[in-house]
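Comments concern the structure below.
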Amino acid sequence: MAAFPQPPLTPPLNPVAAALEPSKIVEVWQMGFEIEDLIALYVGEGDEPTPAFISEAASRALREGHTYYTPKHGLPALRRALTAYLARHFGAAVGEERVTVTSSGMNAIMLTLQAVLTAGANLVAPTPVWPNVLSAARIAGGEVRTVPMTVLPEGGVALDLERLFAACDDKTAAIFLVSPSNPTGWVISEAEQQAVLDFCRRRGIWLIADEVYHRFVFDPARFPSGVAPSFLQLAAPEDPLVVVNSFSKAWCMTGWRQGWLVHPAALGAVLGNLIEYNTSGGQSFLQHGCLAALTEGEPFVEALVARCGQAAELVFQGLAALPRVSLARPAGSFYCFFRVEGVDDSLAFAKRILTETGVGLAPGSAFGPGGEGHLRLCFAGSPQRLGEALERLRPVLS
Ligand SMILES: Cc1ncc(COP(=O)(O)O)c(C=O)c1O
């Protein structure tokens with residue numbers, strides 16, 4: 001995009017806000033506006049609109065006049081439906097008072113970080129990770145400590161628990177874990193979950209678990225219940241655990257900006273105040289759409305996840321056949337994160353791929369330490385477009 005001349009700002013500016021860097025994913029994404037016949041695989045969404053039964057529920061609520069201010073923690077019916085959803089999928093008994101509806105998963109992260117971080121406190125996060133988390137921590141006043149995951153020679157990553165725990169000190173407020181992972185597709189094991197939860201309990205620090213991709217797991221032998229393991233299955237209600245979630249991914253609702261948090265009951269009042277001073281609550285008619293997603297959405301979610309599982313295999317096989325590419329079969333989320341031999345500037349390479357092939361990929365360097373040399377491909381879209389993308393990518397990755 002053409003840069004417009006900008007006169008310097010003279011009134012005071014928050015130095016943390018002023019120092020924020022634009023997302024490298026967005027940098028490539030913006031270039032894509034100029035590309036004809038683009039196959040956009042750089043952002044975390046597919047090409048299907050929200051299913052009609054969800055949109056219709058929201059439209060109906062709008063027509064019926066659900067247009068007023070809402071309770072800070074969300075409509076009671078939606079909070080109840082979320083507790084039923086968590087019981088159904090994880091066998092977790094979560095009381096309504098522990099559920100807070102938020103204006104997106106991103107907002108859920110920001111509210112949590114605003115609640116737990118203070119100046120001088122740090123947030124410890126394994127990387128590669130969705131970069132918005134790290135910027136949100138800085139905006140909330142914290143310091144960010146990244147802990148690169150171990151890159152395995154055969155492709156894929158592993159969590160080094162000793163390294164993670166060694167990065168925590170008496171200034172650590174929270175560990176932030178994303179599983180299933182954006183960008184790597186890694187899924188935490190139950191033994192690792194138990195170790196991290198025990199560590200956070202012992203040290204009296206928060207565990208913030210981002211489970212936005214909990215529905216996207218592809219190996220029925222490893223995940224027989226069809227969901228990724230949730231910390232809610234291990235934790236007691238009063239544990240220092242906050243689980244971040246979203247309607248965006250499983251119900252194709254990225255543009256709706258609806259999410260939720262599960263937290264200890266005692267954190268509810270703090271979150272309520274932060275919601276008051278951030279958004280003053282969510283949108284009533286959209287929350288009626290979310291209610292329909294939870295109560296009627298199972299067939300849709302199951303079909304979407306099955307299609308993503310096939311796409312994961314298609315993309316994995318297509319990329320693994322290329323000699324310069326190394327990657328692991330993604331266990332979860334809807335991304336392939338692959339290394340390309342000889343690439344040491346993934347941002348420049350992603351831009352080159354976009355202009356030469358019309359396929360939009362996210363540069364690995366956007367995801368923090370351990371990401372450089374990789375590219376991220378989102379396989380949530382149609383299999384036919386993914387097949388075409390693989391055809392176009394073959395020459396430039398060979
Ligand atoms: C790991 C992770 N967490 C949270 C979010 C936020 O989701 P949303 O703000 O669309 O609800 C995303 C979006 O891509 C994500 O990848």
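Residue indices begin at 1 and follow the sequence shown. Just so you know, these numbers use all the heavy atoms, side chains as well, and skip hydrogens, waters and symmetry mates. Whatever order the structure lists them in is the order used to number ligands and atoms, beginning at 1.
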Okay, side chain of Glu45, backbone of Thr254: is any donor-acceptor separation there less than 3.5 Å?
no
Measuring from non-hydrogen atoms of Gly44 to any atom of ligand 1, is the shortest distance under 4.0 Å?
no
Polar contact flag for Ile109 and ligand 1 (N/O pairs, less than 3.5 Å)
no
Run the numbers for me: atoms of ligand 1, each under 4.0 Å from some heavy atom of Val212, listed by number.
3 (N), 4 (C)
Answer yes or no: does an N/O atom from Tyr335 fall short of 3.5 Å to an N/O atom of ligand 1?
no
Quick one: does Tyr213 get within less than 4.0 Å of ligand 1, heavy atoms only?
yes
Quick check: Gln258 and ligand 1, any N/O pair under 3.5 Å apart?
no
Look at the aromatic rings of Trp29 and Phe33 and report parallel, tilted or perpendicular, splitting at 30° and 60°.
perpendicular
Just jot down the ligand 1 atoms closer than 4.0 angstrom to any heavy atom of Asn182, in number order.
1 (C), 15 (C), 16 (O)
Protein heavy-atom partner closest to atom 9 (O) of ligand 1 - residue, atom, separation in Å:
Arg257 NH2, 2.8 Å
Select one of side chain, backbone, both or neither to describe which atoms of Ser248 lie under 4.0 Å from any atom of ligand 1, heavy atoms only.
side chain
Given the options Asp169, Ile205, Val144, Asn122 meets side chain to side chain contact (heavy atoms under 4.5 Å, CB included) only with Asp169
Show which atoms of ligand 1 fall inside a sub-4.0 Å distance from at least one heavy-atom site of Val178.
1 (C)
Partner of Arg376 by side chain to side chain contact (heavy atoms under 4.5 Å, CB included), out of Ser346, Pro183, Pro363:
Pro183
Sidechain N-carboxylate O distance under 4.0 Å for Lys24, Glu27
no
How far is atom 1 (C) of ligand 1 from its nearest protein heavy atom, and which residue and atom is that?
Asp210 OD2, 3.3 Å
For atom 14 (O) of ligand 1, what is the closest protein heavy atom, and at what distance to 0.1 Å?
Lys249 NZ, 2.8 Å
Hey, what's the ring geometry for Trp260 with Trp251, parallel, tilted or perpendicular (30° and 60° as the breaks)?
tilted
Looking at Met106, which atoms of ligand 1 are within less than 4.0 Å of one of its heavy atoms?
6 (C), 8 (P), 9 (O)
May I ask you to say whether Glu96 pairs ionically with Arg79, meaning some side-chain N is under 4.0 Å from a carboxylate O?
no
Flag if over 12 foreign heavy atoms under 6.0 Å of CD, Glu356
yes
By side-chain hydrogen bond (donor to acceptor under 3.5 Å, both in side chains), which residues pair with Arg201, not counting sequence neighbours?
Asp198, Asp239
